[in-house]
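The structure appears below as structure tokens.
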Protein chains: 2
Amino acid sequence: MPADAHRTKAAPDAGRAEPASPLTERQEARRRRILEACARLASRGGFDAVQMREVAESSQVALGTLYRYFPSKIHLLVATMQDQLEHLHATLRKKPPAGETAAERVAGTLMRAFRALQRDPLLADAMVRALTFADRSVSAEVEQVFRRTTAIILDATDLADPTPEQLSAVRVIGHTWHSTLITWLSGRASIEQVGADIETVCRLIDLTAPPRSRQS
Amino acid sequence: MPADAHRTKAAPDAGRAEPASPLTERQEARRRRILEACARLASRGGFDAVQMREVAESSQVALGTLYRYFPSKIHLLVATMQDQLEHLHATLRKKPPAGETAAERVAGTLMRAFRALQRDPLLADAMVRALTFADRSVSAEVEQVFRRTTAIILDATDLADPTPEQLSAVRVIGHTWHSTLITWLSGRASIEQVGADIETVCRLIDLTAPPRSRQS
DNA sequence: CGCCGATCTAGAACAAGTTTCAGAGTTGAT
DNA sequence: ATCAACTCTGAAACTTGTTCTAGATCGGCG
């Protein structure tokens, strides 16, 4: 059962360091080659162009090995998303968004992220489709992506210690972000509409935490 | 090119009557059998259990015919969702939700819808996964589902003629509904969390339309 | 009635995700 | 250095969505 091996052995996973098992250098390199090949293929062609045989060949790894590292195409794409989100988060940390209210900062952050994804719509499409298509067997990995998204938004709010209400708002914002992204990617909404919806949902933050007025 | 034939001939589509082409009785019956078989299979087994060969056999139709009616598994599941949503909408119309504010009524409606789907989680899973996985080739059908969802929410607000702002809020609520549903279905959120997030997002409606105060 | 074009059927064929397996390569501990 | 255990490779096999083909049926029309 190689899928099991993945869970216990070959998945370095992503708290920040590798909690599960050390992973030799060559293994780390393989993993990286795979993720890069995946992103490369996705970025032309989108979801359909990420074909497991192609990824394997393109990253110089046998098909079986690919499946040991990522037990399904969905796992692979979700991991790719996690990877890209980490880059994005790092970038955002360097230049945190300006803005009076938390809502403005969050909206600004999300629109910046949105523009980043716009530059590579097919990659974005592949990753987001994988994310929402994922079933229970991927929930751990999906959970991580959501945590990262939440962290990005929470960073933008600049809130020291959020109430449950605020966490709920942040979750809703995250959901909206993913949904509008999908809607835009399938050509069912314009960029303006995306912008409007992002701004709309971001008000929820101020609603539960006006700069310094209501506190329980 | 049978897929093309679908678009011009065999798809009655769903404004309310059949705009495209008459569709004989037997054809209507076939279509209905297919949708029912799809729902039945989805309802045990979920997305994976809806196998095109099974659907075909179960609805007493040849595989090729199935594909003439629904050009892909995704089309089929999205059509099934549209079908189910119509039932739901009809039911809701009969007993509109009570509540002081628009937010309460919308939240009430959505939670009722949510409980309806809870009764058949696997069917819900299959439909919603198909919906968000759909690519451009299904956008017309997906659009219809979103329109129906929007109509349901808008009905609950009881607003005569919504501003663009309110429409944006309604869209965001719709997105949140689908996302939380997915999150719950993949076991990444509890029912309480779903309830909380629905209530949170529904405040957006009151925010843009307090019962009778702000008007442009 | 008998014919025509569209529709339906049965089944083969193809594509891409996934699994499996035998053998070669690495690694780590002794 | 050597052995055992684990990992990687290459290739074939299997599954399920999708397409294709040849022939049977159907519905309308002269």
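The distance between atom CG of B:Asp135 and atom P of D:dG17, rounded to the nearest whole Å, is 16 Å. Computed from coordinates, the B:Leu66 CG to C:dT9 C1' distance equals 13 Å when rounded to whole Å. Here C:dC8 presents its P atom at 13 Å from CZ of B:Arg31, a figure rounded to the nearest Å. C:dT27 atom C1' lies 14 Å from atom CD of A:Glu25, rounded to whole Å. Residue B:Phe70 contributes atom CZ, which lies 16 Å from atom P of D:dG17 at whole-angstrom precision. Spacing between atom CZ of A:Phe133 and atom P of C:dG17 amounts to 12 Å, rounded to whole angstrom units. Going from atom CZ of B:Arg68 over to atom P of D:dC20 covers 13 Å, rounded to whole Å.
A side-chain donor-acceptor contact under 3.5 Å links A:Ser58 and A:Arg40. Between the side chains of B:Asp197 and B:Thr180, not a single donor N or O lies within less than 3.5 Å of an accepting N or O. For the residue pair A:Arg188/A:Ser186, the side-chain donor-acceptor check at 3.5 Å is satisfied. A:Thr150 and A:Arg171 are not linked by any side-chain donor-acceptor pair at a separation below 3.5 angstrom, with hydrogens and angles left out of the test.
With C:dT9, D:dC26, D:dT9 as the choices, the nucleotide that has an atom nearest any side-chain atom of B:Arg30 turns out to be C:dT9. Of the candidate nucleotides C:dT26, C:dG17, C:dC8, C:dG17 has the atom nearest to the side chain of A:Tyr67.
For the segment residues 48-61 of chain A, the set of residues with a heavy atom within less than 4.0 Å of an atom of DNA chain D comprises A:Arg53, A:Gln60, A:Val61, in numerical order.
Considering every non-hydrogen atom in both A:Ser43 and A:Asp120, the closest pair reads CB-OD1, 3.2 Å.
Note on B:Tyr69: a side-chain N or O is less than 4.0 Å away from OP1 or OP2 of C:dC8.
In this structure, the ring-ring contact (aromatic ring centres under 6.0 Å, His included) partners of B:Phe114, at least two apart in sequence or on a different chain, are B:Trp184.
Checked against the 6.0 Å centroid criterion, the rings of A:Tyr69 and A:His75 do not qualify as a close aromatic pair.
With the nearest nucleotide of DNA chain D identified for both B:Lys73 and A:Leu63, A:Leu63 has the one nearer the 5' end.
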